Each structure stands twice: as structure tokens, then as C-alpha cells.
Novice: 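Encoded as C-alpha cells, here's the structure I'll be asking about.
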Amino acid sequence: MLRRLALTAVVSLAALATAVPASTATASGPASSGPVPSAVPTTGPFAAARPALGPLPMPLPLPGFLDGGEGTGVGEADNVRTRLTVSVENTGVAGADGTFELECGPTGGSHPRGQAACDRLAEAGATRAGRQELFRPTPEGTMCTMIHGGDATARIVGTWEGRAVDTTASRRDGCEIARWNSLVPVLPDVR
């Protein structure tokens, strides 16, 4: 979210910098004697002509926390960008098996650890590697330790940060155990 705020600020400042006419710039420093000469004529028949500034830039949508949490930015039809259905079986942990709904931004649904799960997803989404790897299955041919972590299986379906998600997770080997653990608390901690 901070990255979005910083990008909005940088783009807005860049747009403002291009909208200021060059004739209003002034020099600074010890050798400064006033306004910097510009290519715009100040006398004669062309003095009244001013360069066109072009179209004004469109205002960028504000992040949700700046516009009062309404999330009514341009093209934003739905406030909830993360909506997942998490189905878990065979964990051996009381209350962990079942199908749970998870919504983030604002947090909602029937997930037993909704806020913690949304925080984990936001943490992963803050890094490029996290966005690329979080729900990606273990690549075919990857060498994994032959450690069996139990019979737990899970399926996660829905959208995360506006991207479609449809993945399964298990604890059949070391790679899948590591993948499962990286998804805790979206998935239950069965260690």
C-alpha cells in the first residue's frame, strides 16, 4: 500500500512539474539576477501567444486509507480485491478441517484466523517474489526431501490482489511442507 501511495505522489508531482510554464522558473545562487530567460517572446506581435500546456493530467485514484476507506478510485468496482475459498481436509487438528471464506480489504468471511491470514497475504504481496511464488505449485522435476508431513490437503480458489487463484497444497514431501508452511495462517498450522 505504501508503494502505491509513493507511486501516486511521484506521478502527481511529475504531472505538476510539466504543467508549470518554463517562464515562471527563476535562477538561484550567488550569480542570480532574476528570472531565467525563456524562449517565449515578451514583446512584439507574438507576446500575447502562450504555449499550450496540453491536456491536464487525470487525477489518480487515492489509496483506500486516504479517501476515507471508500476505495472509490477510478475503475475500482469492488473494494475487496482478495476473496478466497479455502478447503482443508485431514489435518488432524480440531476445527481446522472444513471450507472457509476469506475476504481482505476489509477483512471478512468465515476463516477462523481472518485478520492474520489477510496480514500474511499482504506481507507476501509486498514483494515481487511473494506475488510470483505464493500460490505457485512446486515445479515438476524439483528435487524434494522424502519427508511425509501428514495427510492434510487443501485447495484455495478465488482472487488474490485481483489475480485468479486455483491451487492445491499437501504435506506429501519437503517442498510441499515448505509451501504449506509459507501459507500459514491462510492454511492451518499442523506442525
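The residues of the chain are indexed from 1 along the displayed sequence. Here the structure is a predicted model, which means the values were calculated and not measured. Excluded from the calculations below are hydrogen atoms, water molecules and symmetry mates; all remaining heavy atoms, backbone and side chain alike, are included.
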Novice: Indicate the atoms forming the closest heavy-atom contact of R136 with R179, along with that distance.
Specialist: O-NE, 2.9 Å
Novice: Salt bridge or not for R81 and E161, using N-O below 4.0 Å?
Specialist: no
Novice: Determine whether W160 and V186 fall in the same hydrophobic cluster, where Ile, Leu, Val, Met, Phe, Trp and Tyr are linked whenever their side-chain heavy atoms lie under 4.5 Å apart.
Specialist: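 W160 and V186: one cluster.
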Novice: So, the side chain of T99 versus the backbone of S87: is there a donor-acceptor pair under 3.5 Å, distance only?
Specialist: no
Novice: As an exercise, state the distance from CD of E101 to CZ of R83, rounded to the nearest 0.5 Å.
Specialist: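 Reported value, rounded in 0.5 Å steps: 9.0 Å.
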Novice: Which heavy-atom pair separates P188 from A96 by the least distance, and what is that distance?
Specialist: CB-CB, 3.7 Å
Novice: Ignoring hydrogens, what is the shortest heavy-atom contact between G95 and F100? Give both atom names and the distance.
Specialist: O-CZ, 3.8 Å
Novice: Roughly how far, to the nearest 0.5 Å, is SG of C104 from CZ of R120?
Specialist: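 If we round to the nearest 0.5 Å, R120:CZ and C104:SG are 12.5 Å apart.
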Novice: Could you tell me if the side chain of N181 sits less than 4.5 Å from the side chain of R171, heavy atoms only?
Specialist: yes
Novice: Write down the atom of T167, the atom of F135, and the distance for their closest heavy-atom approach.
Specialist: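 Heavy atoms of T167 and F135 come nearest at OG1-O, 3.2 Å.
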Novice: Is there any salt bridge (charged side-chain N to carboxylate O under 4.0 Å, His left out) pair reaching into residues 105-119, and which pairs are they, with sequence neighbours excluded?
Specialist: none
Novice: Tell me whether W180 shares a hydrophobic cluster with I147, the cluster being built from Ile, Leu, Val, Met, Phe, Trp, Tyr side chains joined at under 4.5 Å.
Specialist: no
Novice: Show, in sequence, the C-alpha distance, side-chain angles and deciding distance for I177 and H148, and conclude whether the side-chain contact (heavy atoms from CB on, under 4.5 Å) test is met.
Specialist: CA-CA 8 Å; I177 292 170; H148 184 70; over 6 Å; no
Novice: Within the structure provided, determine whether T153 and T168 are in side-chain contact (heavy-atom separation under 4.5 Å).
Specialist: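 T153 vs T168: side chains apart.
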Novice: With a 4.5 Å limit on heavy-atom distance, are the side chains of L134 and L121 in contact?
Specialist: yes
Novice: Any non-hydrogen side-chain atom of L102 less than 4.5 Å from a side-chain atom of I156?
Specialist: no
Novice: Using a 3.5 Å distance criterion without hydrogens, assess whether the side chain of D97 forms a donor-acceptor pair with backbone atoms of N90.
Specialist: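 Yes, D97 side chain to N90 backbone: donor-acceptor pair under 3.5 Å.
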Novice: Donor-acceptor pairs under 3.5 Å, side chain of residues 138-146 to any protein atom, not counting sequence neighbours: which ones?
Specialist:
| unit_1 | atom_1 | unit_2 | atom_2 | d |
| --- | --- | --- | --- | --- |
| T138 | OG1 | E176 | OE2 | 2.9 |
| T142 | OG1 | P139 | O | 2.7 |

Novice: Quick check: closest heavy atoms across L84 and T159, and the distance to 0.1 Å?
Specialist: CD2-O, 3.5 Å
